[in-house]
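As structure tokens, the structure follows; a few thoughts come after it.
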Protein chains: 2
Amino acid sequence: MVKMSDVALKANVSTATVSRVLHSPETVKEQTRQKVLNAIKELNYQPNILARQLRKNETKTILVVVPNIMNTVFLGIIEGIEAEASKNQYKVLLGNTNNDVKKEYGLIDLLKQKQTDGMILFSARLEEDILHELSEQYPIVLTADFIDGLKVPTVSIDNISSSRKAVLHLISLGHTRIAHISGPLSNSSARDRFKGYEQALYQHSMEVGSMLVQEGDYSLESGYNQMRKLLALEKMPTAVFAANDEMAIGAIKAAKEHGLNIPQDLAIVGFDNIHFSSIFEPRLTTIAQPLFKMGQLSMKLLLAQINGSVSEKTQYILESELIIRDSCGGKE
Amino acid sequence: MVKMSDVALKANVSTATVSRVLHSPETVKEQTRQKVLNAIKELNYQPNILARQLRKNETKTILVVVPNIMNTVFLGIIEGIEAEASKNQYKVLLGNTNNDVKKEYGLIDLLKQKQTDGMILFSARLEEDILHELSEQYPIVLTADFIDGLKVPTVSIDNISSSRKAVLHLISLGHTRIAHISGPLSNSSARDRFKGYEQALYQHSMEVGSMLVQEGDYSLESGYNQMRKLLALEKMPTAVFAANDEMAIGAIKAAKEHGLNIPQDLAIVGFDNIHFSSIFEPRLTTIAQPLFKMGQLSMKLLLAQINGSVSEKTQYILESELIIRDSCGGKE
DNA sequence: ATGAAAGCGCTAACAC
DNA sequence: GTGTTAGCGCTTTCAT
């Protein structure tokens, strides 16, 4: 391993000068600089970043904590994070918790041990106090998930208004018996999507029938199963809003099996705009989150914190978009 | 930041002893160890890993270079890598190249700068010489892709025999006019899948008609477009083998639009067994790669290299599996 | 414009 | 069983 002192020796200068050539070349006389540059080239010198990091106490690395790598929604955000990070010469460390809170705590040690300069969390399942405390000591951003009043910089969409928008769309198409297949209600986003559903109904003085709301777990199977419950109802709904696309697809499968035509007999709206929502038949009407942008913004906010600026605004809400396709009959 | 010397002071021992308590507690007298442990707890000491890394010249971090984060096939492998890595207290750094070879070269610097202990590549698009040279200097494993004769440890399936298996399945169902929608032939896996197709036909003394082979680019759209070409043929194929599921789905869409029923009028086999292949209608018959296992094995091989063992066998071929579903009519 | 030297926090060889 | 001490390779202050 050729090191800085080797370069210094070869160029007949001190290591300080080599270091200067690397970081503030303008402070070094042209001639000296050339000598050093040549030596670097000849020796094929690669600085040892570890040493620099120790000296400067920074790693140029951030940690992304994901509950589940295989979730394409998270991946869209990670893509944005990665793009912004590499633009700023930051690396991203991937921490997959597999929905295991213990693993989450383990990953936090990376922060404490100064192995990463900051952390982006995809879910707020740590105890709130701990999260607050951490956030005071280290740069942290929460994305995709949202907790009201949480004093941790957060990037998300407004799940309530987004799902309200989805349900209002159904109402505008004339539906009056609208069911909801929710996500797991232990999850704050799932609760918010449920709230949006309620708000849309209230707004039109419709009742929220308890039978019309079934709790799923975001899996296709749960969409299928909950839909079957809805299909067994005496008064079947004419439309259903599913809290994510996977469940919407599961619901459609159940409805088709039941002999129903989508959207003629039953309208369905999903949430997330996953890749397959436009491939599946019927193509799904759904809510799209600006995933890449969310990732970018999260990373920007994290960098701002790392660089010492304390921003006032802690919760950033990005706009979602209702994508109208075929699963609820379009605008007639 | 409380450091080791603080702990040493508090416990009335030397830093060496503190270090020992942390790494080989059995060499320290019970009583002393307790003193140190207490001091650590009281001061809430977190070791500075950066310093340790500098000293030991290891990072306990490996780099994964992916052409495209959003590809679920790669993700399945990453999941396996991550699991094995964290089991061994290794962290994984994510490098997304977005199919940009320049970015790939950039990421290699992380290796050279000792910022990661090793690297797992998902595609062999670097020049072979460079790859070899790197592989001699640093721990490297190639996965998902395969280049014949490459002297870099590789984990993959046998694309040739896998696709031969797929096509033989079609032949066993009585098909004699079997078309192939290939991946981009600049890609070695795509070439291998093509070869397997040829071999299956040769094996049954069938001709490989040039019109029956269309080159796609692994995208759904290309599957759709190439299928339309096949549908326009005078003598239409009765079966098609697509080099991946996305193209298979595109092909099915084109066929359906053309008024064909799958599998009655046309049998289709895909490759990859992506999540959606079992959801789409008809459910896709396809080849499944053992992604998680591939990831695990890749990481194991990398760790072996990092820990200095030089294994003989450089190319590891795992078994793929033909998953028979509905898109080609099952075994009749 | 350049060099000398201290030190980032830790580990490990050596000494006792 | 424990302490002393010399670095790991770099950055940066201070002096010249």
Side-chain angles (χ1 to χ4, degrees), chain A residues 1-40 43-61 89 109-117 307, chain B residues 1-40 43-61 89 109-117 307:
Chain A
M1 199 72 218
V2 27
K3 49 193 165 185
M4 192 177 269
S5 58
D6 298 328
V7 176
L9 206 64
K10 176 133 203 159
N12 247 310
V13 295
S14 71
T15 58
T17 300
V18 178
S19 181
R20 283 189 197 102
V21 169
L22 259 26
H23 300 292
S24 38
E26 66 285 359
T27 65
V28 176
K29 196 166 52 166
E30 169 66 23
Q31 199 185 339
T32 325
R33 198 192 321 161
Q34 283 311 328
K35 270 197 307 187
V36 172
L37 256 21
N38 286 337
I40 288 180
L43 297 174
N44 192 20
Y45 167 69
Q46 295 272 0
N48 179 325
I49 309 285
L50 248 34
R52 176 184 309 173
Q53 287 176 350
L54 172 60
R55 187 56 225 250
K56 303 185 64 163
N57 200 25
E58 65 171 23
T59 62
K60 289 279 185 186
T61 300
Q89 289 82 252
D109 283 342
L110 294 180
L111 255 188
K112 295 189 178 164
Q113 291 165 178
K114 301 271 183 195
Q115 296 202 69
T116 69
D117 297 347
N307 297 326
Chain B
M1 200 68 221
V2 25
K3 50 192 166 183
M4 192 178 269
S5 59
D6 299 328
V7 175
L9 206 66
K10 176 128 202 162
N12 247 312
V13 296
S14 72
T15 58
T17 300
V18 178
S19 180
R20 283 188 197 105
V21 170
L22 259 27
H23 301 289
S24 37
E26 68 284 0
T27 67
V28 176
K29 195 168 49 165
E30 167 69 22
Q31 199 185 340
T32 326
R33 198 193 320 161
Q34 283 311 326
K35 270 198 304 188
V36 173
L37 256 19
N38 286 336
I40 288 179
L43 297 174
N44 194 20
Y45 165 71
Q46 293 274 359
N48 179 325
I49 311 285
L50 250 31
R52 163 149 63 214
Q53 287 176 348
L54 172 61
R55 185 58 224 250
K56 302 186 64 165
N57 199 26
E58 66 171 23
T59 62
K60 289 280 185 185
T61 300
Q89 287 83 251
D109 282 343
L110 293 180
L111 255 189
K112 296 190 177 163
Q113 290 165 178
K114 301 273 183 192
Q115 295 201 70
T116 69
D117 297 347
N307 297 326

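Every chain is numbered from 1, with letters handed out A, B, ... down the list of sequences.
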Figure out the [atom1]/[atom2] separation between [X] and [N], and round it to whole Å.
X: Met1(A); N: dG9(D); atom1: CE; atom2: C1'; value: 10 Å
X: Arg33(A); N: dT2(C); atom1: CZ; atom2: C1'; value: 14 Å
X: Leu43(A); N: dG9(D); atom1: CG; atom2: P; value: 15 Å
X: Glu58(B); N: dA12(C); atom1: CD; atom2: P; value: 9 Å

Requested in this report: Scan Val2(A), Asp6(A), Val7(A) and name whichever one has a side chain to side chain contact (heavy atoms under 4.5 Å, CB included) with Ile40(A).
Outcome: Val7(A)
Report summary line: Between Lys10(A) and Ala39(A), the two heavy atoms sitting closest are CG-CB, 3.8 Å
Report task. Answer with yes or no whether Arg20(B) presents, from its side chain, a donor or acceptor under 3.5 Å of a partner atom in the base of dG3(D). Result -> yes
Query raised in the report: For DNA chain D, whose closest nucleotide is more 5', that of Lys56(B) or that of Val13(B)?
Result: Val13(B)
Requested in this report: Evaluate the side-chain proximity of Lys114(B) to Asn57(B): yes if any heavy-atom separation is below 4.5 Å, no if none is.
Outcome: yes
Requested in this report: Go through residues 46-54 of chain A and report each residue with a non-hydrogen atom lying under 4.0 Å from DNA chain C, sorted by number.
Outcome: Leu54(A)
Report task. Indicate, with a heavy-atom threshold strictly under 4.0 Å, whether Asp6(B) touches base, sugar-phosphate, or nothing. Result -> nothing
With a 4.0 Å cutoff (strictly under), does any side-chain N or O of [X] reach OP1 or OP2 of [N]?
X: Thr17(A); N: dG3(C); answer: yes
X: Thr32(B); N: dT2(D); answer: yes
X: Ser19(B); N: dC10(C); answer: no

Query - Other residues, nucleotides, ligands: >12 heavy atoms within 6.0 Å of Glu26(B) CD - result: yes
Query raised in the report: If only atom types and distance count, is the side chain of Gln46(A) paired as donor or acceptor with the main-chain N or O of Gln113(B) below 3.5 Å?
Result: no
Requested in this report: Using modelled atom types only, decide if a donor and an acceptor are shared between the side chain of Asn38(A) and the backbone of Lys35(A) within a distance under 3.5 Å.
Outcome: no
